[in-house]
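Below, each value reflects all heavy atoms present in this structure, side chains not excepted, and no hydrogens, waters or symmetry copies.
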Amino acid sequence: MKRPTTTAAAAPSAPAGAVDPAAPRGGRAGASGEGGPVPRPRADAVRNRERILAAAREAFVEFGSAAPFGEVARRAGIGNATLYRHFPDRDTLVHHVVLFTTERVAASAEAALAEEHDAFAALCRFTHAAADERIGALCPMLADGFDRDHPELLAARTALAEAVETLLAAGQEAGLVRADIGVGDLMVALSQLSRPLPGTACFDTDRFAHRHLQLFLDGLRAPARSELPGSAATLEDLTLKTTLKTTLKTTLKTTLKTM
């Protein structure tokens, strides 16, 4: 299977059905809250925004969410003033990078299922495409202070969960994917296998990520050749653990401050 390729300095072309991350949010295109027209962004502004998001994602993979804004601007081929005009602070940029990646991964799942000849081929295509979208790099970015429950992100996560659940269910119903795994199992493995290891260069990770992902995918084929310990993980399981961890950290910090 030939996997898609990406570049660090340019936004990859949107998969079929992808939501345009550069489009205005919060209402229907061409209408405002008062019923008046909403001006569409200029084509160069859209291109700049997409380049920034793709470049920021690559910089965050390499340096973490604390990557210098100057490095993001350099990779995007724009000036710092243009970067700040689109994203005035780091929290805003991180938010939109996470949203951009989540929406693209969801769209890639929908496109894979619609276009591939069988459900297992669709699952393979989606998994490799999600790795190329750097989904594994999102986890370290979701640090304390990141608003995971922002309405835009909740909607994007819901769309992603539904798309991947549909993709996985299609494979299981066709008898091509083992029945004892859940969406959470798939997404955790995808994140772990595609995330750069501490102290390693990103290109070293790229060299092995798709090999290891294909080994993992081969283990998902039905019939299962082993019995997995525990039960299948869902995305709800992952969300619950993340929320509990955040709550415990917040409680501990508050307790320490009052001592």
Side-chain angles (χ1 to χ4, degrees), residues 1-7 12-13 15-18 57-58 61 101-140 157 159-239 241-242:
M1 177 180 63
K2 184 177 179 182
R3 70 177 180 85
T5 58
T6 58
T7 58
S13 59
R57 183 181 59 187
E58 297 301 314
V61 169
T101 304
T102 303
E103 290 177 337
R104 289 184 62 82
V105 172
S108 71
E110 295 170 356
L113 188 57
E115 297 169 9
E116 289 298 324
H117 64 282
D118 69 52
F120 190 81
L123 180 62
C124 291
R125 170 175 159 174
F126 159 73
T127 303
H128 288 286
D132 281 336
E133 292 290 348
R134 309 298 196 183
I135 192 172
L138 294 184
C139 293
R157 284 207 307 270
L160 173 60
E162 291 175 351
V164 180
E165 284 170 357
T166 300
L167 181 64
L168 188 59
Q172 291 172 330
E173 290 169 5
L176 299 173
V177 177
R178 58 191 299 164
D180 56 349
I181 65 162
V183 175
D185 295 306
L186 174 64
M187 299 308 290
V188 167
L190 173 57
S191 176
Q192 291 177 336
L193 291 174
S194 62
R195 189 188 310 176
L197 296 173
T200 62
C202 293
F203 61 83
D204 288 333
T205 300
D206 290 344
R207 178 183 174 188
F208 296 107
H210 289 279
R211 288 174 56 84
H212 297 164
L213 283 171
Q214 193 58 49
L215 286 170
F216 164 71
L217 287 165
D218 286 345
L220 300 187
R221 287 185 182 273
R225 290 169 172 77
S226 62
E227 183 176 345
L228 295 178
S231 58
T234 67
L235 284 184
E236 288 77 11
D237 294 333
L238 304 184
T239 303
K241 290 178 181 179
T242 300

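Leu186 CG to Leu217 CG: the interatomic distance, rounded to the nearest 0.5 Å, is 7.5 Å. Between the CG atom of Asp132 and the NE2 atom of His210 there is a distance of 3.5 Å, given to the nearest 0.5 Å. In this structure, Asp218 CG and Cys124 SG are separated by 7.0 Å, a value rounded to the nearest 0.5 Å. Leu190 CG to Asp185 CG: the interatomic distance, rounded to the nearest 0.5 Å, is 12.5 Å. Atoms CG and CG, on Leu176 and Leu220 in that order, are 11.5 Å from each other to the nearest 0.5 Å.
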Full working for side chain to side chain contact (heavy atoms under 4.5 Å, CB included) between Leu123 and Glu116: CA-CA 9 Å; Leu123 180 62; Glu116 289 298 324; over 6 Å; no

Please report the C-alpha distance between His128 and Leu213 in whole Å, then the side-chain angles of each, then the deciding distance to 0.1 Å, and finally whether the side chain to side chain contact (heavy atoms under 4.5 Å, CB included) criterion is met. CA-CA 7 Å; His128 288 286; Leu213 283 171; 4.1 Å; yes

Step-by-step side chain to side chain contact (heavy atoms under 4.5 Å, CB included) determination, Leu193 to Phe208: CA-CA 9 Å; Leu193 291 174; Phe208 296 107; over 6 Å; no

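In this structure, Ala222 and Gly175 approach most closely via the heavy-atom pair CB-O, 3.4 Å. Residues Val183 and Glu165 come closest through the heavy atom pair CG2-CG, 3.3 Å.
Distance alone, capped at 3.5 Å, is enough to place a donor-acceptor pair between the Thr166 side chain and the Glu162 backbone.
Residue pairs meeting the side-chain hydrogen bond (donor to acceptor under 3.5 Å, both in side chains) criterion with at least one member in residues 168-178, sequence neighbours excluded, are Arg178-Asp180.
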